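Written below as structure tokens is the structure these notes are about.
Every value quoted in this text rests on a predicted model; they were computed, and no experiment measured them.
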Amino acid sequence: MKKFLALIACLTVFGGMLAAEPLSDDPFEREKFEAEKTSTYVIVPEEQHITDKNASVKIEYSPIYDEVRIYYETLYVTYDRGEAMNTAIACLQDFEKEYKYHGYKYLKPESQKYFKDDRGQRKAQWSAYVKFTR
């Protein structure tokens with residue numbers, strides 16, 4: 001009886017291997033698949049929900065992992081952490097509706113960074129790393 005069950009299991013595995021679609025040997029097709037798998041899209045939301053005229057919001061979206069990095073950037077003198085968080089939450093909710101997700105969670109704590117841009121202006125950047133769920 002054990003031998004019979006082992007034979008059935010082996011035949012099932014072998015049949016599954018035969019039915020599986022093999023990967024293409026075309027190098028261009030594999031390269032395209034790898035590029036799509038690891039691609040990240042930069043999205044600038046149409047409605048940014050900002051009250052500071054110097055601020056901007058940018059979203060980096062990795063569709064294969066359903067992960068988003070959101071950045072809120074403004075001048076250092078007009079930076080308000082609460083406004084940055086409220087703006088980011090509003091943009092994430094819009095993103096959630098547009099791409100048909102049902103929720104999200106933060107993968108890392110939010111971070112703040114202060115720097116000078118290429119024109120010598122002092123800037124502040126608030127960022128968060130988020131994972132969406134379907």
message = Run the side chain to side chain donor-acceptor pair (under 3.5 Å) test against T133 and tell me which residues pass, sequence neighbours left out.
response = none
Compile the donor-acceptor pairs under 3.5 Å between side chains in residues 100-110 and protein atoms, sequence neighbours left out, one pair per line.
unit_1: Y101; atom_1: OH; unit_2: Y61; atom_2: OH; d: 2.7
unit_1: Y101; atom_1: OH; unit_2: D66; atom_2: OD1; d: 2.7
unit_1: Y101; atom_1: OH; unit_2: R134; atom_2: NH2; d: 3.3
unit_1: E110; atom_1: OE2; unit_2: R81; atom_2: NE; d: 3.1
unit_1: E110; atom_1: OE2; unit_2: R81; atom_2: NH2; d: 2.4

ask   = Which atom names give the shortest non-hydrogen contact between C91 and P45, and what distance separates them?
value = SG-CG, 4.3 Å
remark   = Scanning both residues in full, the closest heavy-atom pair of Y65 with K131 reads O-NZ, 2.6 Å
remark   = side chain to side chain donor-acceptor pair (under 3.5 Å) filter on Y76, not counting sequence neighbours, yields none
Let me check something: any side-chain donor-acceptor pairs from residues 51-60 under 3.5 Å, sequence neighbours excluded? List them with distances.
unit_1: T51; atom_1: OG1; unit_2: E83; atom_2: OE1; d: 3.4
unit_1: T51; atom_1: OG1; unit_2: E83; atom_2: OE2; d: 2.8
unit_1: D52; atom_1: OD1; unit_2: N54; atom_2: N; d: 3.1
unit_1: D52; atom_1: OD2; unit_2: T74; atom_2: OG1; d: 2.6
unit_1: D52; atom_1: OD2; unit_2: T78; atom_2: OG1; d: 2.9

note = Separation between CD1 (I50) and CD (E73), nearest 0.5 Å, reads 11.5 Å
inquiry  = Test of understanding: with side chain to side chain donor-acceptor pair (under 3.5 Å), list the residues that count as partners of Q48, not counting sequence neighbours.
reply    = none
Pairing residues for Y71 by the side chain to side chain donor-acceptor pair (under 3.5 Å) criterion, not counting sequence neighbours = none
ask   = Is any side-chain heavy atom of I70 less than 4.5 Å from a side-chain heavy atom of F95?
value = no
ask   = Are I43 and W126 connected, step by step, through hydrophobic side chains (Ile, Leu, Val, Met, Phe, Trp, Tyr) whose heavy atoms are closer than 4.5 Å?
value = yes
inquiry  = Filter on side chain to side chain donor-acceptor pair (under 3.5 Å), then keep only pairs touching residues 84-98, sequence neighbours left out; what's left?
reply    = H49-D94
request  = State yes or no: do Y114 and M85 share one hydrophobic cluster built from I, L, V, M, F, W and Y residues joined by side-chain heavy-atom distances below 4.5 Å, directly or via other members?
outcome  = yes
task = Drop me the distance from K123's NZ to K116's NZ, to the nearest 0.5 angstrom.
result = 13.5 Å
inquiry  = Hydrophobic cluster membership, with links at side-chain heavy-atom distances under 4.5 Å among I/L/V/M/F/W/Y: are I89 and F132 in one?
reply    = yes
query = Atom CD in Q125, atom OH in Y79: separation rounded to 0.5 Å?
reply = 9.5 Å
